[in-house]
Amino acid sequence: MKFLRFKNKRDSLNEGREIKSGFLDEENKVVELKGDVLDYFNADIHAILDDIVESHSLEDIELESPVEPSKIVCIGLNYTDHAKEMNEELPDKPTIFIKPSTAINKTNNIIIYPKISSRVDYEGELGVVIGKTAKQVTPEEADDHIFGYTVINDVTARDFTLGDGQWTRGKSCDGFAPIGPYVETELDPLNQSIVTKVNGEIRQNSNTSQMIFSPQEILSYVSQTMTFNPGDVIATGTPPGVGPMEADSIVEVTIKDIGTLRNHLIKEE
């Protein structure tokens, strides 16, 4: 099931308009629900159907980030084909870093190209959405804590990361973590095509089967030292083909069973 958060376009003049939750039905209608997206973690279909408010067309709503994570935990070098591209040995444990909550962005929104940066890169990734608190879980227990999967673009100011000698500043610019459009609760995370396009040109084209560490292994590894809160997101690493985007580019990341995350890169004035 594809869960989402949205605002009604008809309320666009009201800056404080309410963010609502729902799911996408088989006819691509947005079915509004009473609760928050995370309220439906492990909920049965009857409980979900009992909470239906009304339906909306996609044209009448504005998609928000499907969750509001307290943190985004990211994994570096987690695709075998990417490691080969970089002439790197396969890691024996995940390499982790964090994006702050201020980096969260949404589909169909602008990404600001910082005026003090000379290179901004795309990194299309599968995102794991945490459904309940996870601390010191085993890989076998991990699925009990996963709400579903989404798409994330780990946007990076590459000149910052190379110049700083570490990744925090280059990964943490405001809006550098677009997430969406949906959280899909029913898919095989290790059999998903992942494609990134810039201005319609394919730049990344791989499959999550190339992951070195599975989402379950990553969740377990990180949770040994760090508590995951409901709504937190794991960005599971990017496939080969990472590269720069010019200002005024359209970047799209598509994962087969989830959908397309689309953003417009605009230079900061």
Side-chain angles (χ1 to χ4, degrees), residues 1-24 28 30-33 36-38 40 56-74 98-114 120-130 147-157 171-185 194-198 229-236 238 245 248-255 258-268:
M1 182 172 282
K2 288 181 168 64
F3 286 94
L4 57 103
R5 296 165 72 244
F6 67 97
K7 292 180 180 178
N8 288 323
K9 286 183 179 178
R10 66 173 180 255
D11 299 329
S12 59
L13 296 179
N14 177 7
E15 293 182 0
R17 57 195 166 129
E18 179 185 1
I19 296 179
K20 302 176 180 180
S21 299
F23 66 90
L24 197 67
N28 275 346
V30 175
V31 181
E32 183 181 339
L33 296 170
D36 180 74
V37 164
L38 292 172
Y40 301 100
H56 310 266
S57 71
L58 280 169
E59 292 74 23
D60 291 335
I61 62 103
E62 175 185 330
L63 288 167
E64 297 292 316
S65 172
V67 288
E68 292 185 313
S70 65
K71 57 185 171 294
I72 303 166
V73 178
C74 306
I98 288 180
K99 282 180 171 291
S101 60
T102 47
I104 297 166
N105 206 336
K106 60 186 180 182
T107 193
N108 298 322
N109 203 37
I110 291 170
I111 301 169
I112 299 296
Y113 191 129
V120 173
D121 286 11
Y122 54 83
E123 294 190 17
E125 308 193 12
L126 176 72
V128 182
V129 178
I130 304 303
F147 178 44
Y149 298 88
T150 190
V151 185
I152 183 167
N153 189 348
D154 175 20
V155 183
T156 304
K171 298 285 190 177
S172 299
C173 300
D174 290 351
F176 266 25
I179 302 171
Y182 314 113
V183 177
E184 173 58 70
T185 59
I194 178 168
V195 176
T196 301
K197 295 181 181 179
V198 178
N229 299 316
D232 283 350
V233 173
I234 301 172
T236 56
T238 196
M245 302 178 282
D248 205 32
S249 293
I250 301 294
V251 57
E252 298 171 299
V253 184
T254 301
I255 294 180
I258 302 173
T260 297
L261 175 67
R262 182 181 186 273
N263 295 98
H264 189 185
L265 184 69
I266 298 292
K267 189 74 174 183
E268 184 178 24

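Keep in mind that this is a model prediction, so the values were computed, not measured.
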Is there a side-chain contact between [X] and [Y] (heavy atoms, below 4.5 Å)?
{"X": "L4", "Y": "P181", "result": "no"}
{"X": "P66", "Y": "V129", "result": "no"}
{"X": "V128", "Y": "Y149", "result": "yes"}
{"X": "N153", "Y": "L261", "result": "yes"}
{"X": "I266", "Y": "I111", "result": "no"}
{"X": "I179", "Y": "P69", "result": "yes"}
{"X": "I112", "Y": "D174", "result": "no"}
{"X": "V198", "Y": "Y122", "result": "yes"}

*Any salt bridge between E123 and K171, counting N to O under 4.0 Å?*
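Between K171 and E123 there is a salt bridge, with a charged N closer than 4.0 Å to a carboxylate O.
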
_Worked verdict on V120 versus V155 for side chain to side chain contact (heavy atoms under 4.5 Å, CB included)_ = CA-CA 7 Å; V120 173; V155 183; 3.5 Å; yes

Will you find, in the side chains of [X] and [Y], an N or O donor that is under 3.5 Å from an N or O acceptor?
{"X": "S70", "Y": "N229", "answer": "yes"}
{"X": "K99", "Y": "S172", "answer": "no"}
{"X": "H264", "Y": "N109", "answer": "no"}

*So which of K9, K7, K106 actually passes salt bridge (charged side-chain N to carboxylate O under 4.0 Å, His left out) with E62?*
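It is K106; the other options fail the test.
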
Between the main-chain N or O of [Y] and the side-chain N or O of [X], is there a donor-acceptor pair closer than 3.5 Å?
{"X": "T185", "Y": "M1", "result": "yes"}
{"X": "T238", "Y": "G124", "result": "yes"}
{"X": "D232", "Y": "K71", "result": "yes"}

*Is it the case that more than 12 heavy atoms not belonging to E68 sit under 6.0 Å from its CD atom?*
no

To the nearest 0.5 Å, what is the distance between [atom1] ([X]) and [atom2] ([Y])?
{"X": "E64", "Y": "N108", "atom1": "CD", "atom2": "CG", "answer": "11.0 Å"}
{"X": "D36", "Y": "S21", "atom1": "CG", "atom2": "OG", "answer": "4.5 Å"}
{"X": "D154", "Y": "E125", "atom1": "CG", "atom2": "CD", "answer": "4.5 Å"}
{"X": "K267", "Y": "Y113", "atom1": "NZ", "atom2": "OH", "answer": "4.5 Å"}

Could you pull out the closest heavy-atom pair between [X] and [Y], with the gap in Å?
{"X": "L24", "Y": "V30", "value": "CD1-CG2, 4.1 Å"}
{"X": "T150", "Y": "Y182", "value": "OG1-O, 2.7 Å"}
{"X": "V151", "Y": "I258", "value": "CG2-CG2, 3.8 Å"}
{"X": "A235", "Y": "I152", "value": "CB-CG2, 3.9 Å"}
{"X": "N105", "Y": "S65", "value": "O-CB, 3.7 Å"}
{"X": "R262", "Y": "T107", "value": "N-OG1, 3.1 Å"}

*Test I98 against I72 for side chain to side chain contact (heavy atoms under 4.5 Å, CB included), laying out the working first.*
CA-CA 6 Å; I98 288 180; I72 303 166; 5.9 Å; no

*Give a yes or no on whether the ring-centroid distance for F147 and F3 is below 6.0 angstrom.*
yes

*Might you work through the side chain to side chain contact (heavy atoms under 4.5 Å, CB included) test for L126 and I255, ending with a clear yes or no?*
CA-CA 7 Å; L126 176 72; I255 294 180; 3.8 Å; yes

